[in-house]
Participant: 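If you scroll down you'll find the structure; I have some questions about it.
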Amino acid sequence: MTSTANVNLWSSAEHALEYLRRADAIPHRVEGEAAVLEFVPADAKRILDLGSGDGRLLAIVKAARPSAHFTGLDFSPTMLAALEKRFANQDRVNIVAHDLAHELPPMGNFECVISSFAIHHVLHDRKLALYREVFNLLVPGGVFCNLEHVASPTLALHHEFLHRLETLPEREDPSNKLLDLETQLRWLREIGFADVDCHWKWRELALLAGVKPMQSDG
């Protein structure tokens with residue numbers, strides 16, 4: 001169902017371009033992206049996008065929150081080039097080259113951190129560490145929205161998901177390191193996030209979100 005090795009093909013231009021070719025065809029993706037917008041604070045001044053890809057989600061949130069300043073992170077040269085092209089001459093968007101497998105660089109604080117189908121590419125212990133880093137980056141009252149690819153509870157359900165994507169198991173992305181939804185929700189609560197829930201889900205695609213409490217030692 002998922003790779004346990006630290007394999008990540010996203011530095012490959014061929015791999016990134018193949019994803020971009022089929023990204024718009026992912027079933028129900030637009031529904032998940034619309035759900036993200038419900039939780040992005042209307043008055044957010046700074047928004048961070050982890051694993052921005054070509055900037056699809058960043059552009060959607062930017063259209064809904066035009067007064068905010070955005071930082072987009074990615075490490076794929078192909079995706080970084082697409083980001084630079086999409087947001088050329090837009091002074092409210094800052095693009096940072098960074099691999100989520102490593103500790104986040106100093107960037108200040110944010111009212112909202114978003115991510116779309118990116119964090120499942122890092123190992124499980126790094127996922128947990130990254131969630132902690134996100135918590136520390138958020139201002140009190142800040143929101144974390146992770147539109148993510150999670151593990152199915154059974155192999156049969158996983159194969160049915162792949163079938164819906166018109167993908168064979170042998171062609172599954174070896175970069176995927178899928179983790180079940182319940183574990184990730186529990187982690188967010190243990191870290192200190194409040195109002196943690198899965199607000200949208202279609203098979204293995206899910207929106208996990210939580211809020212940093214107004215009073216916190218984090």
Side-chain angles (χ1 to χ4, degrees), residues 1-36 49-60 72-83 85-86 98-102 114-128 130-131 145-188 198-209:
M1 291 174 64
T2 183
S3 172
T4 57
N6 194 12
V7 176
N8 196 327
L9 302 181
W10 287 91
S11 59
S12 160
E14 181 181 0
H15 190 78
L17 289 170
E18 172 60 19
Y19 171 79
L20 292 177
R21 183 189 65 78
R22 56 185 173 81
D24 290 341
I26 296 175
H28 303 283
R29 180 174 189 165
V30 173
E31 297 170 17
E33 292 164 338
V36 170
D49 183 17
L50 299 175
S52 297
D54 69 339
R56 177 187 172 111
L57 183 62
L58 197 160
I60 291 170
L73 267 65
D74 210 284
F75 85 107
S76 161
T78 301
M79 297 303 193
L80 289 167
L83 283 168
K85 181 178 180 180
R86 172 172 261 178
H98 180 78
D99 187 344
L100 295 180
H102 304 294
I114 60 175
S115 187
S116 177
F117 307 132
I119 295 174
H120 68 281
H121 294 137
V122 302
L123 295 171
H124 295 342
D125 59 350
R126 176 59 194 144
K127 290 181 179 72
L128 177 56
L130 182 57
Y131 289 160
C145 297
N146 183 19
L147 185 60
E148 185 60 296
H149 185 178
V150 300
S152 284
T154 69
L155 185 60
L157 287 172
H158 178 60
H159 286 170
E160 178 62 24
F161 172 75
L162 295 178
H163 174 70
R164 298 288 177 173
L165 297 185
E166 300 181 355
T167 299
L168 297 173
E170 55 268 28
R171 298 195 62 187
E172 193 171 358
D173 186 352
S175 303
N176 289 347
K177 303 165 187 66
L178 306 183
L179 182 63
D180 65 278
L181 175 65
E182 290 80 7
T183 295
Q184 296 184 71
L185 293 174
R186 174 172 55 82
W187 281 353
L188 294 178
C198 174
H199 295 290
W200 174 87
K201 190 173 187 293
W202 177 76
R203 296 184 180 271
E204 292 186 1
L205 309 184
L207 172 59
L208 299 71

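The model shown is predicted, which means the values in this text are computed figures rather than measured ones. Only heavy atoms go into these numbers, but all of them, side chains included; no hydrogens, no water, no symmetry mates.
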Participant: Check whether any side-chain N or O of Arg86 sits under 3.5 Å from a backbone N or O of Gly55 as a donor-acceptor pair, and report yes or no.
Facilitator: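 Confirmed, Arg86 side chain pairs with Gly55 backbone.
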Participant: So that I can tick it off, tell me whether Arg186 and Glu182 are bridged by a salt bridge, with the cut-off set at under 4.0 angstrom between side-chain N and carboxylate O.
Facilitator: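 Salt bridge flag = no for Arg186 with Glu182.
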Participant: I'd like to check Leu162 versus Arg171 (side-chain heavy atoms, cut-off strictly below 4.5 Å). Are they in contact?
Facilitator: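 Side-chain contact under 4.5 Å: no.
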Participant: In the structure I gave you, are the side-chain heavy atoms of Cys145 and Leu207 within less than 4.5 Å of one another anywhere?
Facilitator: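 Of all side-chain heavy-atom pairs linking Leu207 with Cys145, at least one is under 4.5 Å.
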Participant: Is it the case that the side chain of Gln184 and the backbone of Leu179 share a donor-acceptor pair, with hydrogens and angles ignored and the cut-off at 3.5 Å?
Facilitator: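 Yes, because the side chain of Gln184 sits within donor-acceptor range (under 3.5 Å) of the backbone of Leu179.
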Participant: Please name all residues satisfying side-chain hydrogen bond (donor to acceptor under 3.5 Å, both in side chains) with Lys201, sequence neighbours left out, ordered by chain then number.
Facilitator: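 Counting only residues at least two positions away or on another chain, Lys201 forms no side-chain hydrogen bond (donor to acceptor under 3.5 Å, both in side chains).
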Participant: Heavy atoms only: give me the nearest Arg29-Ser116 pair and the separation to one decimal.
Facilitator: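 Here Arg29 and Ser116 meet closest at NH2-OG, 3.9 Å.
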Participant: Classify the ring geometry of His98 against His102: parallel below 30°, tilted from 30° to 60°, perpendicular beyond 60°.
Facilitator: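 It falls in the perpendicular class, over 60°.
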Participant: Could you tell me if the side chain of Leu188 sits less than 4.5 Å from the side chain of Tyr131, heavy atoms only?
Facilitator: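 The answer is yes; the side chains approach within 4.5 Å.
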Participant: Please name all residues satisfying side-chain hydrogen bond (donor to acceptor under 3.5 Å, both in side chains) with His28, sequence neighbours left out, ordered by chain then number.
Facilitator: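 Testing His28 for side-chain hydrogen bond (donor to acceptor under 3.5 Å, both in side chains), a comparison that skips the adjacent residues, returns Glu31, Trp202.
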Participant: Looking only at heavy atoms, which two atoms of Leu83 and Gly53 are closest? And how far apart?
Facilitator: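 Smallest heavy-atom distance, with atoms named: CG-O, 3.1 Å.
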Participant: Do Arg203 and Ser152 come within less than 4.5 Å of each other through their side chains, counting heavy atoms only?
Facilitator: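 Sidechains of Ser152 and Arg203: no contact.
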Participant: Ala101 and Val122: which non-hydrogen atoms are nearest, and at how many Å?
Facilitator: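 Smallest heavy-atom distance, with atoms named: N-CG1, 3.9 Å.
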Participant: Any side-chain donor-acceptor pair under 3.5 Å between Asp74 and Ser76?
Facilitator: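 The criterion, which ignores hydrogens and geometry beyond distance, is not satisfied for Ser76 and Asp74.
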Participant: Has the side chain of Glu33 got a donor or acceptor atom that lies under 3.5 Å from a matching backbone atom of Leu57?
Facilitator: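 It does not hold such a pair.
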Participant: For a 4.5 angstrom cut-off between non-hydrogen side-chain atoms, does Phe117 reach Leu205?
Facilitator: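 Yes, at least one pair of side-chain atoms sits under 4.5 Å.
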Participant: Quick check: does any side chain N or O of Lys177 sit under 3.5 Å from a backbone N or O of His120, one acting as donor and the other as acceptor?
Facilitator: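 Not confirmed, Lys177 side chain does not pair with His120 backbone.
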Participant: Roughly how far, to the nearest 0.5 Å, is NE2 of His158 from CG of Leu178?
Facilitator: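 So the gap between those two atoms works out to 6.5 Å.
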Participant: Rounded to the nearest 0.5 Å, what separation is found between the CZ atom of Phe161 and the NE2 atom of His149?
Facilitator: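 Spacing of CZ (Phe161) from NE2 (His149) equals 4.0 Å.
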Participant: Compare every heavy atom of Cys198 with every heavy atom of Leu185, then report the nearest pair and how far apart it is.
Facilitator: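 Nearest pair, atom of Leu185 first, then Cys198: CD2-N, 4.0 Å.
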Participant: With rounding to the nearest 0.5 Å, note down the distance linking CZ in Arg56 to CE in Met79.
Facilitator: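 Arg56 atom CZ to Met79 atom CE measures 11.5 Å (nearest 0.5 Å).
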Participant: Can you tell me how far the NE2 atom of His159 sits from the CG atom of Leu168, to the nearest 0.5 Å?
Facilitator: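 Reported value, rounded in 0.5 Å steps: 10.0 Å.
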Participant: Quick check: closest heavy atoms across Trp200 and Ala35, and the distance to 0.1 Å?
Facilitator: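 That closest heavy-atom pairing would be CB-CB, 4.0 Å.
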Participant: Which distance, rounded to the nearest 0.5 Å, do you find between the CD1 of Ile26 and the CZ of Arg164?
Facilitator: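 Ile26 atom CD1 to Arg164 atom CZ measures 15.5 Å (nearest 0.5 Å).
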Participant: Measuring from Leu73:CG to Leu80:CG, what's the distance to the nearest 0.5 Å?
Facilitator: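 The CG atom of Leu73 sits 9.0 Å away from the CG atom of Leu80.
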Participant: Taking side chain as C-beta onward, heavy atoms only, is Leu100 less than 4.5 Å from His121?
Facilitator: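 No, their side chains stay 4.5 Å or more apart.
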